[in-house]
Amino acid sequence: MSPKTLYDKIWDAHVVHEDADGTSLLYIDRHLVHEVTSPQAFEGLRMAGRKVRAPEKTIAVPDHNVPTTAGREDPTQMTEESRIQVDALDKNAKEFGVHYYPVSDVRQGIVHIVGPEQGWTLPGMTVVCGDSHTATHGAFGALAHGIGTSEVEHVLATQTLIQQKSKNMKVEITGKLKPGVTAKDITLAVIGETGTGGGTGYVIEYCGEAIRDLTMEGRMTVCNMAIEGGARAGLIAPDEKTFEYVKGRPHAPKGAQFEAALDWWKTLFTDEGAHFDKVVTLKGEDIQPVVTWGTSPEDVLPITGVVPNPEDFEGGKVEAARRSIEYMGLTPGQKLTDIEIDTVFIGSCTNGRIEDFRAVAEVVKGKKIKEGMRAMIVPGSGLVRAQAEEEGLADIFREAGFEWRLAGCSMCLAMNPDQLAENERCASTSNRNFEGRQGYKGRTHLVSPGMAAAAALTGKLTDVREMI
Amino acid sequence: MEKFETITGVAAPMPLVNIDTDMIIPKIFLKSIQRTGFGVNLFDEMRYNRDGTEIADFVLNKPQYREAEILVAGDNFGCGSSREHAPWAIKDFGIKCVISTSFADIFFNNCFKNGILPIVLPQEQVDVLMKDAEKGQNARMTVDLAAQTVTTSDGEAIPFEVDAFKKHCLLNGLDDIGLSLEKVASIDSFEEKAAQARPWV
């Protein structure tokens, strides 16, 4: 048998039917659902008189719209439109009998944090959700990607997706990371290298010593932003860390079934000699703490750099860079560490896990955020929040002057009340710096949690290595 | 789904690269639970001032492009989120075909589910079409899916590639779910086998 990549193996294990031209019907093991991209899909089922084929494999949680402030059970805290979407999910989850974590449940949170936390996400699975950051689950060696609402309806009705197989891409990070450099810096550095279209048509497998050394939380951060590089999905082969993380989770297999699962999971790696259509290699020790200067996640530079000149780019990127720099209110040649920040947002499916908050606490412990700074920390789930409380992190944050919020997507995409004002500048641990992403005319610099914490203290983009 | 017929219409030029889904339809408009009505907010932040008045030099506000049915765009169009509201807004505005050097994966798939044809062409040919689009409303392009050609206002026919299955579905207005449910026996048997092999799923 010819050697296979990890992606090949998971794909092959899920093909229900393949046409002569390669168009395949792929079986879906887990379908995650949130309130923004699902109402039209459930409505479509209702109109066609269809059921959810596998409600036991379907998990719903509201996250995009929910307020993250105390007393959010009070419906007047949401706009009417947000309330309609959350109510629709509530009603659809009950009517179609899918697993559901309502806002009142301590397990509620961002769908991509809840899935792994509850053991819904397991190695070798196919996982989809009407959300591009579904790539997160690839950290477990699961084939996970975002889909549109029509596809959500298709999966609800058939538990399958019509797919064409992607090509294989390997991203290897060799060696060790230097202190102050994190999974977020890896994933941003890779996008800086490949561009936001560099992964289009591919599924990425991340490998190498620096990836192996990451915790599961860090691996989720890396895979989360595979989509920002244009890839359909990002994958990391499961190992002992993965198995240890999964073991004992509420929906993970138990006892003999866990052992049987483990036997299969241990076969989930890329065979020696398997073919990759594209290979990108970065040295771990070359990666520095990075920050984005523009309005595309590919606009990445080390924090020690300066705002570039649009003329330094080629083709259509010249105009795009000019537009970005104007939108961001920056000047070519300006030092990145001279950029003043109004707001700090720490959270999201990229960096809303316990390890991220520990990194923040390490930087801010016993210190105060800059006067006038708006700084919020939004846990990825109610359980992350509880753990941070238990570890004493929440006290450190409150004492430093951060707002310590309830779980949700919050200012990552600003569909709830957490938004930037016009021209307000934010150091954010989220995943997108698009125009208007965090609020109309808001300005976003993507950074790691430690870098965000450092900016909160100094009021400027700051090299976290000077603070640890 | 509506069948995709041959289009002859005005093409609007948007040479900017990396036009993302937040530009196509900002998140404040994602709160509807319908599939229609998004056209008025297509490219909202580029198209309107904060007070709701139109930004005159935005391409779709120019008189010659208000009825555009084709969009010729810069590289990596539709990058970002999985929101199908992006193709819903494009369709609702009246655009049925987008041409670029590349598209983001999820957006590309979402187009086909909504009767929109995304066409990928090499840079030189997109440049030709961009120039043609810049001529305005007297320049009408023709997109013929059956023949797989885009014809400029000067009569230059440019061939394009499209996945055979997707072409078939677009031309015939076929609903994916109906097609997949014809394979329900295969799904049943897959599930039975998978339940043996991987009972923990």
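Treat the numbers as computed from the prediction; the structure is a model and nothing was measured. In what follows, every heavy atom counts, from backbone to side chain, and hydrogens, waters and symmetry copies are set aside. Below, read A as the first sequence line, B as the second, and so on, with proteins coming before strands; counting in each chain starts at 1.
No part of A/Lys254 comes within reach of chain B, as not one of its non-hydrogen atoms sits under 4.5 angstrom from that chain. Proximity to chain B (any heavy atom under 4.5 Å) is restricted, for A/Val15, to the backbone atoms N, CA, C and O. For A/Ala321, no part lies under 4.5 angstrom from a heavy atom of chain B. A/Thr149 touches chain B through backbone and side chain together, each having a heavy atom under 4.5 Å away. If you measure heavy-atom distances from B/Gln123 to chain A, you find no contacts under 4.5 Å at all. Contact annotation for A/Ala231: neither backbone nor side-chain heavy atoms come within less than 4.5 Å of a heavy atom of chain B. Contact annotation for B/Phe107: neither backbone nor side-chain heavy atoms come within less than 4.5 Å of a heavy atom of chain A. Residue contact with chain B, scored on non-hydrogen atoms closer than 4.5 Å, involves the backbone and the side chain of A/His14 alike. Looking at B/Leu16, the atoms closer than 4.5 Å to chain A (heavy atoms on both sides) all sit in the side chain, from C-beta outward. Contacts of B/Arg35 with chain A are made by both backbone and side-chain atoms, with heavy-atom separations under 4.5 Å. With a 4.5 angstrom heavy-atom cutoff, B/Lys27 touches chain A via backbone and side-chain atoms both. Neither the backbone nor the side chain of B/Ser102 comes within contact range of chain A; no heavy atoms are under 4.5 Å apart. Only the side chain of A/Glu422 comes within contact range of chain B, with heavy atoms under 4.5 Å apart. The parts of A/His154 that come within reach of chain B are both its backbone and its side chain, each placing non-hydrogen atoms under 4.5 angstrom from that chain. For B/Ile106, the part lying near chain A is the side chain, with the backbone staying farther off; criterion is any non-hydrogen pair under 4.5 Å. Within the 4.5 angstrom heavy-atom criterion, only backbone atoms of A/Ile147 (N, CA, C, O) approach chain B. Of the atoms belonging to B/Asn110, it is side-chain heavy atoms, and not backbone ones, that fall under 4.5 Å from chain A. The contact between A/Glu153 and chain B is made by backbone and side chain atoms together, counting heavy-atom distances below 4.5 Å.
When the candidates B/Lys166, B/Gln34, B/Lys193 are compared by the number of heavy-atom contacts under 4.5 Å with chain A, B/Gln34 comes out ahead. For the set A/Thr295, A/Thr196, A/Thr200, the count of heavy-atom pairs under 4.5 angstrom toward chain B peaks at A/Thr196. Most heavy-atom pairs under 4.5 Å with chain B, from the set A/Leu25, A/Val152, A/Leu122, A/Ile227: that is A/Leu25. In terms of non-hydrogen atom pairs under 4.5 Å with chain B, the most contact-rich of A/Asp19, A/Thr79, A/Thr134, A/Asp131 is A/Asp131. Counting heavy-atom pairs under 4.5 Å between each of A/Thr37, A/Ile84, A/Asp29 and chain B puts A/Asp29 at the top. Most heavy-atom pairs under 4.5 Å with chain A: of the set B/His85, B/Arg83, B/Lys113, this distinction falls to B/Lys113. The greatest number of non-hydrogen atom pairs below 4.5 Å with chain B, out of A/Gln257, A/His133, A/Glu81, is found for A/Gln257. When each of B/Asp20, B/Asp75, B/Asp176, B/Asn18 is scored by its heavy-atom pairs under 4.5 Å with chain A, the top score falls to B/Asp20. Contact tally against chain A (heavy-atom pairs below 4.5 Å) for B/Pro26, B/Gly74, B/Pro199: the top residue is B/Pro199.
Residues B/Glu84 and A/Ser150 are in side-chain contact: their nearest non-hydrogen atoms beyond the backbone lie under 4.5 Å apart. At least one side-chain heavy atom of A/Ser82 sits under 4.5 Å from a side-chain heavy atom of B/Lys31. Between A/Met125 and B/Val201 there is a side-chain heavy-atom pair separated by less than 4.5 Å. Residues A/Arg50 and B/Ile177 meet the side-chain proximity criterion, which asks for heavy atoms closer than 4.5 Å. Residues A/Met415 and B/Ile28 are not in side-chain contact: their nearest non-hydrogen atoms beyond the backbone lie 4.5 Å or more apart. Considering only heavy atoms from C-beta on, B/Asp105 stays 4.5 Å or farther from A/His145 through its side chain. Between B/Phe190 and A/Thr160 there is no side-chain heavy-atom pair separated by less than 4.5 Å.
If you take OG on A/Ser296 and CD1 on B/Ile19, they are separated by 12.5 Å, rounding to the nearest 0.5 Å.
Checking A/Val16, A/Thr158, A/Val155 one by one against B/Ser180, the side chain to side chain contact (heavy atoms under 4.5 Å, CB included) holds for a single residue, A/Thr158.
Between B/Asp188 and A/Arg53 there is a salt bridge, with a side-chain nitrogen of the basic residue lying less than 4.0 Å from a carboxylate oxygen of the acidic one.
A/Glu151 and B/Asn109 share no donor-acceptor pair across their side chains, judged by distance under 3.5 Å alone.
In this structure, A/Glu18 places its CD atom where more than 12 heavy-atom neighbours from other residues, nucleotides or ligands lie under 6.0 Å away. More than 12 heavy-atom neighbours from other residues, nucleotides or ligands sit within 6.0 angstrom of NZ on B/Lys183. Few gaps surround CD on A/Glu56; more than 12 heavy atoms of other groups in view lie less than 6.0 Å from it.
At a heavy-atom separation below 4.5 angstrom, chain B is approached by A/Arg432, A/Phe434, A/Glu435, A/Gly436, A/Arg437, A/Gln438, A/Gly439, A/Tyr440 within residues 430-440 of chain A.
Between A/Gln85 and B/Leu30 the shortest heavy-atom distance is NE2-O, 2.7 Å. The two atoms that bring B/Val17 and A/Ala320 nearest to each other are CG2-CB, 3.6 Å, heavy atoms only. The nearest pair of heavy atoms linking A/Ser132 to B/Ser81 is OG-CA, 3.6 Å.
Under the salt bridge (Lys or Arg N to Asp or Glu O under 4.0 Å) criterion, A/Arg46 pairs with A/Glu43, A/Glu95, sequence neighbours left out.
A perpendicular orientation is assigned to the rings of B/Trp200 and A/Trp265, their planes being inclined by more than 60° (bins at 30° and 60°).
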